[in-house]
Undergrad: 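Sharing a structure, written as structure tokens. Questions coming.
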Amino acid sequence: MTKKVILDVDTGVDDALGILLAIRSGEMDVLGITTVNGNVSLEQATKNTCKILQLLGKEDEIPVVKGADKPLMRQTYFEHRVHGSDGLGGALSDMEVHKTAAEGHASDFIVDQVRQHAGEVTLVMTAPLTNLAIAVMKYPELIHQVKEVIVMGGVVLGFGNVTPTAEYNMYVDPEAAKIVFQAGFPALTLVGLDVTRKALLTDEHIRLLGDSPISRYIQESTADYMKRYYERNGVKACALHDPLAVGVALNKELVTTRHYYVDVETRSELCDGQTVCDFQNRLSKEPNLHVCTDVSADAFLELFIRTLRA
């Protein structure tokens, strides 16, 4: 039985890999893909998403719905150095886009689909949380009608990837993240850098993908990303941040989680966007997030390769 899912993306290199994994798994009924500004502009993220669906031959089956073109209260902050000026590392640059976005706003699409399929929809959020924050503000009952929310974002034990303390998705729109974290979702899982940094795609993994349009796309799109990752971390690899969030939606057994109270810093000169996890219950608040603390990286990479192999 397939799981009803909405993917919310700012399609850069790893969002695209997450979309490929979700659709190729055969285990997800992707109701739609909502886009938001983040790694790239809203327009570019939407264009990239349409390209990935065309690569898969699914452009007529899955709607793409545009959402917020900027954070709730801040200026846009793109990540072109990692994802390239087009967000896909230059891959699919020659592909003509013939799919167009559906009418409406992503937040309304999320609300409508969750209401239509109450208790059945999993939201996999691999971008700044602007769209979901807007949806919650429009329709607070959403928190009781969604099945679960899986968020790629944050870091609770390690260091950030855009500032010393902040992960990118949290840093871009911390006010949105705070709204989502404090909304009261009963099943909200945080897939942060603590685990995604252990899920590393290497040249050997790409070789194992075989030879196909998808494997060639993966190799091309991750090439510059791997160079940037090596410059920063001394390892030639592509961290599968967003695909791991999809992997958690497919199989919770891939990760170890702990239930903690987590909040997001929004008013700090040095620590804006930091996810603050109350490991010792110092704040005496009820846990609100299931925080991923460890991952079976080999098992996830085996799933990734098996699903996308030619």
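Counting begins at 1 with the first residue of the sequence. What you see is a predicted model, and the numbers here were worked out from it, not measured in a lab. Keep in mind that the numbers below use all heavy atoms, side chains included, and drop hydrogens, waters and symmetry copies.
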Undergrad: Within the structure provided, determine whether Pro71 and Asn37 are in side-chain contact (heavy-atom separation under 4.5 Å).
TA: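 Yes, their side chains come closer than 4.5 Å.
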Undergrad: Would you name the heavy atoms of Gly32 and Ile62 that are closest together and state the gap between them?
TA: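 Result for this residue pair: CA-CG2, 4.0 Å.
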Undergrad: If I take atom CZ from residue Phe109 and atom OG1 from residue Thr34, how far apart are they, to the nearest 0.5 angstrom?
TA: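 Phe109 atom CZ to Thr34 atom OG1 measures 7.5 Å (nearest 0.5 Å).
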Undergrad: Would you say the side chain of Val151 lies within less than 4.5 Å of the side chain of Thr126, judging by non-hydrogen atoms?
TA: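 No, side chains not in contact.
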Undergrad: For Asp203 and Met226: C-alpha separation, side-chain torsions, deciding distance, then whether side-chain contact (heavy atoms from CB on, under 4.5 Å) applies.
TA: CA-CA 9 Å; Asp203 285 335; Met226 285 187 175; 3.6 Å; yes
Undergrad: Identify the heavy atoms of Leu88 and Tyr217 that sit nearest to each other, and give their distance.
TA: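 Closest approach of Leu88 to Tyr217: CD2-OH, 3.5 Å.
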Undergrad: Quick check against the 3.5 Å criterion: does Asp10 have a side-chain atom that pairs as donor or acceptor with the backbone of Val36?
TA: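 Absent.
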Undergrad: Any chance NZ of Lys58 has more than 12 other-residue heavy atoms, nucleotides or ligands included, within less than 6.0 Å?
TA: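 No - once you tally the heavy atoms of other residues, nucleotides and ligands closer than 6.0 Å, there are 12 at most.
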Undergrad: Run the salt bridge (charged side-chain N to carboxylate O under 4.0 Å, His left out) check on Lys138 and Asp108 step by step: do they pass?
TA: CA-CA 8 Å; Lys138 286 181 175 179; Asp108 297 319; 3.0 Å; yes
Undergrad: Determine, stepwise, if the pair Leu21 / Leu17 fulfils side-chain contact (heavy atoms from CB on, under 4.5 Å).
TA: CA-CA 6 Å; Leu21 179 61; Leu17 298 180; over 6 Å; no
Undergrad: Using a strict threshold of under 4.0 Å (side-chain N to carboxylate O), is an ion pair present between Lys66 and Glu43?
TA: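 Counted as a salt bridge, because a side-chain N and a carboxylate O are separated by less than 4.0 Å.
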Undergrad: Quiz question: by atom type and distance under 3.5 Å, do the side chains of Thr122 and Lys4 form a donor-acceptor pair?
TA: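 No donor-acceptor contact under 3.5 Å links the two side chains.
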Undergrad: Is the shortest heavy-atom distance from the side chain of Thr256 to the side chain of Cys292 under 4.5 Å?
TA: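 Not in contact.
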Undergrad: With sequence neighbours excluded, give me every salt bridge (charged side-chain N to carboxylate O under 4.0 Å, His left out) pair touching residues 154-177.
TA: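 For residues 154-177, and leaving out neighbouring residues, the salt bridge (charged side-chain N to carboxylate O under 4.0 Å, His left out) pairs sorted by first residue read Arg74-Glu175.
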Undergrad: I'd like to check Leu301 versus His205 (side-chain heavy atoms, cut-off strictly below 4.5 Å). Are they in contact?
TA: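 SC-SC contact between Leu301 and His205 confirmed.
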Undergrad: Tell me if the NZ atom of Lys236 is crowded by more than 12 foreign heavy atoms within 6.0 Å.
TA: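 Count not over threshold, so no.
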Undergrad: Kindly compute the distance separating CG (Asp242) from CE (Met152), expressed to the nearest 0.5 Å.
TA: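 Here the interatomic distance stands at 6.0 Å.
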Undergrad: Taking the side chain as every heavy atom from C-beta outward, state whether Ile6 and Val30 have any pair of such atoms under 4.5 Å apart.
TA: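 A side-chain contact under 4.5 Å is absent here.
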Undergrad: Could you please spell out the steps behind the side-chain hydrogen bond (donor to acceptor under 3.5 Å, both in side chains) verdict for Thr11 and Thr49?
TA: CA-CA 6 Å; Thr11 303; Thr49 304; 2.7 Å; yes
Undergrad: Examine Arg197 relative to Phe159 and say whether NZ or CZ is less than 6.0 Å from the centre of the six-membered ring and inside a 45° cone about the ring axis.
TA: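 Yes, a cation-pi geometry.
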Undergrad: Does the plane of the ring in Phe300 sit parallel, tilted or perpendicular to the ring in Phe304? Use 30° and 60° as the thresholds.
TA: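 The arrangement is tilted - the two ring planes meet at 30° to 60°.
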Undergrad: Work out which heavy atom in Leu244 is nearest to a heavy atom in Ala199; give both atom names and the distance.
TA: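 In terms of heavy atoms, the two residues are closest at CD2-CB, 4.5 Å.
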Undergrad: Report the C-alpha distance between Val149 and Thr189 in whole Å, list the side-chain angles of each, state the deciding distance to 0.1 Å, and finish with yes or no for side-chain contact (heavy atoms from CB on, under 4.5 Å).
TA: CA-CA 6 Å; Val149 181; Thr189 300; over 6 Å; no
Undergrad: Distance check, rounded to the nearest 0.5 Å: Ser221 atom OG versus Asp14 atom CG?
TA: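 Output value for this atom pair is 9.5 Å.
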Undergrad: Mark yes when over 12 heavy atoms from residues, nucleotides or ligands other than Glu103 sit less than 6.0 Å from its CD; otherwise mark no.
TA: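 No, CD of Glu103 has 12 or fewer neighbouring heavy atoms, counting only those of other groups under 6.0 Å.
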Undergrad: Gln274 and Tyr171: side-chain donor and acceptor closer than 3.5 Å?
TA: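 No, no side-chain donor-acceptor pair sits under 3.5 Å.
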Undergrad: Take Asp294 and Lys198 through the test salt bridge (charged side-chain N to carboxylate O under 4.0 Å, His left out) and record every step on the way to the result.
TA: CA-CA 9 Å; Asp294 203 1; Lys198 298 175 183 178; 3.2 Å; yes
Undergrad: Pair Leu31, Val121 - check side-chain contact (heavy atoms from CB on, under 4.5 Å), show working.
TA: CA-CA 9 Å; Leu31 301 174; Val121 178; 3.9 Å; yes
Undergrad: Looking at Glu286, I want to see if its CD is surrounded by more than 12 non-hydrogen atoms of other residues, nucleotides or ligands under 6.0 Å.
TA: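 Not buried by this count: 12 neighbours or fewer within 6.0 Å.
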Undergrad: Provide the closest heavy-atom pair for Leu254 versus Gly247 in the form atom of the first, atom of the second, distance.
TA: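 In this case the closest contact between Leu254 and Gly247 is CD1-O, 3.5 Å.
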Undergrad: Taking the side chain from Asn39 and the backbone from Glu79, do they hold a donor-acceptor pair closer than 3.5 Å?
TA: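 Checking the backbone N and O of Glu79 against the side chain of Asn39, no donor-acceptor pair under 3.5 Å is found.
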Undergrad: Quick one: does Val65's side chain get under 4.5 Å of Thr35's, heavy atoms only?
TA: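 Of all side-chain heavy-atom pairs linking Thr35 with Val65, none is under 4.5 Å.
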Undergrad: Parallel, tilted or perpendicular: which describes the rings of His241 and Tyr225, with under 30° parallel and over 60° perpendicular?
TA: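 His241 and Tyr225: tilted rings.
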Undergrad: Using a 6.0 Å cut-off, check whether atom CD of Glu231 has over 12 heavy atoms from anything other than its own residue.
TA: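 Yes.
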Undergrad: Supply the atom-to-atom distance Gln219 CD to Asp211 CG, rounded to the nearest 0.5 angstrom.
TA: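 Rounded to the nearest 0.5 Å, the CD-CG separation comes to 9.0 Å.
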Undergrad: What's the shortest heavy-atom distance between Val5 and Val124, and which atoms?
TA: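 For Val5 and Val124, the tightest heavy-atom pair comes out as CG1-CG2, 3.9 Å.
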Undergrad: Give a yes or no on whether a salt bridge exists between Glu302 and Arg309, defined as a side-chain N under 4.0 angstrom from a carboxylate O.
TA: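 So Glu302 does not pair with Arg309 through a salt bridge.
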Undergrad: Mind checking the CG-CZ spacing from Leu209 to Arg216? Nearest 0.5 Å is all I need.
TA: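 So the CG of Leu209 and the CZ of Arg216 are separated by 12.0 Å.
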Undergrad: Calculate, to the nearest 0.5 Å, the distance between atoms NZ and CD1 belonging to Lys147 and Ile150 respectively.
TA: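 Here the interatomic distance stands at 9.5 Å.
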Undergrad: With side chains defined as the heavy atoms from C-beta onward, is the minimum distance between Leu123 and Asp8 less than 4.5 Å?
TA: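 No; the side chains remain at least 4.5 Å from each other.
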Undergrad: What do the steps show when you test Asn48 against Gln44 for side-chain hydrogen bond (donor to acceptor under 3.5 Å, both in side chains), and what is the final call?
TA: CA-CA 6 Å; Asn48 292 348; Gln44 189 67 51; 3.0 Å; yes
Undergrad: Hey, what's the ring geometry for Tyr260 with Phe279, parallel, tilted or perpendicular (30° and 60° as the breaks)?
TA: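 The rings of Tyr260 and Phe279 stand perpendicular, inter-plane angle above 60°.
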Undergrad: Looking at side-chain heavy atoms only, is the closest gap between Asp272 and Thr163 below 4.5 Å?
TA: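 In short, these two side chains do not touch, never coming nearer than 4.5 Å.
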Undergrad: Would Ser215 and Ser212 count as having a side-chain donor-acceptor pair, cut-off 3.5 Å?
TA: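 Yes, a side-chain donor-acceptor pair sits under 3.5 Å.
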Undergrad: If you look at every heavy atom in Asp263 and Lys178, which pair is closest and at what distance?
TA: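 Minimum heavy-atom separation between Asp263 and Lys178: OD1-NZ, 3.0 Å.
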